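Notes follow once the structure below has been shown.
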Amino acid sequence: MANATATVHPNIALVKYWGKRNGPLNLPAVPSLSLTLDTFTTRTTVNWGSNADRAELDGRPATAGEGKRIFEFLDLIDPARPPCAVTTANDFPTAAGLASSSSGFAALAVAGAAAAGKDLNAQALSVLARQGSGSASRSLWGGFVEWKMGEREDGLDSVGVPVAPQDHWDVAMVVAVVSDAKKAIGSRPAMRLSAETSPYYDVWVKTAAADVDVARQAVLDRDLDTLGRVMEQSTHKMHATMTTCTPPVFYAQPGTLACIHAVMALRDAGTSAWLTMDAGPNVKVLCAAADAERVQAALAPHAAVVHRLGPGGAPVLS
Ligand code: DP6
């Protein structure tokens with residue numbers, strides 16, 4: 001029986017994943033495109049063979065719900081597996097809203113498969129990670145990554161594909177943490193509610209593939225204005241499907257709006273800075289690395305903390 005440790009970076013979607021065509025397999029209703037971040041990591045160790053299934057998250061025992069999700073995921077690697085011990089920790093604040101499930105399930109896939117003695121390539125690991133959390137399918141590579149939605153019912157073609165490596169483009173992602181208030185609703189039920197009740201959901205689904213096409217080309221061309229425009233619109237369309245749910249899902253806080261206006265003011269003053277938001281109140285701003293300090297300064301009055309991140313690399317196994 002073996003141990004393996006994986007260190008994996010979270011990713012932020014530039015063109016968003018929101019909505020599923022198959023819940024249990026996390027098959028998306030839309031393609032998406034992300035940037036893997038540097039600096040922050042999830043580090044996960046799996047001992048394949050223990051006296052009982054045991055999991056520790058950030059130094060505390062996993063809750064029953066967390067344990068269920070972790071061990072059902074390891075069952076995907078081998079349904080006849082032995083009991084396993086899992087230790088996982090994030091070195092970034094959960095309140096930063098940095099999609100910890102993206103690095104979490106990618107790290108569990110990489111460490112779990114290695115501990116089980118399975119030699120899976122990045123694509124196979126992406127298919128596996130996706131089943132833990134959709135966004136995790138994109139954290140198997142550094143830099144810019146597309147998640148192809150695929151067509152197959154078994155999901156084998158719903159997989160991440162690298163678009164451009166970590167060193168392709170010197171951009172920054174500035175993250176303004178505006179509130180650490182607990183979310184009223186998690187992203188998974190909110191996605192479902194959007195699909196079931198928002199009159200805008202169909203438009204969201206119909207326009208997503210074209211957004212990814214524009215974004216992919218803009219990444220390849222290093223065209224920040226084009227990428228930024230389509231990225232912001234993807235965020236606003238996604239949030240439009242939430243605010244028009246019954247009942248509405250509203251993640252923005254007053255600080256969120258202040259940051260949005262600060263980004264628009266930066267642009268009016270000539271800085272190419274573009275925002276995205278996930279299922280939470282924090283605002284993430286993409287800009288040229290050379291402009292990151294200016295963007296940080298503009299967001300600081302409206303945020304509790306401002307992090308500056310850049311493109312990150314692929315998972316590391318040790
Ligand atoms: C808003 O990947 O956390 O961050 O597949 O249900 O686990 P599940 O959802 P998850 O959703 C992420 C949604 C998002 C957008 C994105 O990352 O593309």
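Remember, it's 1-based here, ligands and their atoms both numbered in the order they're listed. Keep in mind that what you see is a predicted model, and the values were worked out from it rather than measured. One-based numbering along the sequence shown.
Annotation for ligand 1: atoms under 4.0 Å from non-hydrogen atoms of Arg69 are 7 (O). Short contacts between ligand 1 and Met191, defined as distances under 4.0 Å to a heavy atom of the residue, involve ligand atoms 9 (O), 11 (O), 13 (C). Each of the following atoms of ligand 1 lies closer than 4.0 Å to a heavy atom of Trp18: 1 (C). With ligand atoms numbered from 1 in the order given, ligand 1 contributes 5 (O) to contacts under 4.0 Å with heavy atoms of Asn26. Ligand 1 places these atoms under 4.0 Å from at least one heavy atom of Gly134: 2 (O), 5 (O), 7 (O), 8 (P). In summary, the atoms of ligand 1 found under 4.0 Å from a heavy atom of Ala13, numbered by their order in the structure, are 16 (C), 17 (O), 18 (O).
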Start with the C-alpha distance between Asn11 and Thr36, add both sets of side-chain angles, then the distance that settles side chain to side chain donor-acceptor pair (under 3.5 Å), and finish with yes or no.
-> CA-CA 4 Å; Asn11 71 75; Thr36 298; 5.4 Å; no

Would Thr42 and Ser103 satisfy side chain to side chain donor-acceptor pair (under 3.5 Å), going step by step from the backbone distance to the final call?
-> CA-CA 6 Å; Thr42 298; Ser103 46; 2.7 Å; yes

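At distances below 3.5 Å, not a single donor-acceptor pair connects side-chain atoms of Asp211 with backbone N or O atoms of Val230.
Closest protein heavy atom to atom 4 (O) of ligand 1: Asp278 OD1, 3.3 Å. Taking atom 13 (C) of ligand 1 as the reference point, the nearest protein heavy-atom neighbour is Tyr17 O, 3.6 Å. Protein heavy atom in closest approach to atom 17 (O) of ligand 1: Arg138 NH2, 2.8 Å. At the top of the distance list for atom 3 (O) of ligand 1, counting protein heavy atoms only, stands Ser101 OG, 3.2 Å. Regarding atom 6 (O) of ligand 1, its nearest protein heavy-atom neighbour is Lys20 NZ, 2.5 Å.
With 3.5 Å as the limit, one finds no donor-acceptor pair spanning the side chains of Thr276 and Trp274.
Atom OH of Tyr200 sits in a sparse spot, with 12 or fewer heavy atoms from other residues, nucleotides or ligands closer than 6.0 Å. Under a cut-off of 6.0 angstrom, the local environment of CG in Asp119 is sparse, with at most 12 non-hydrogen atoms contributed by other residues, nucleotides or ligands.
Between Asp78 and Lys118, no side-chain nitrogen of the basic residue sits less than 4.0 Å from a carboxylate oxygen of the acidic one, so the salt-bridge criterion is not met.
Ring centroid separation for the pair Phe40 and His307 comes in under the 6.0 Å cut-off.
Polar contact with ligand 1: present for Ser133 (N/O pair, distance under 3.5 Å).
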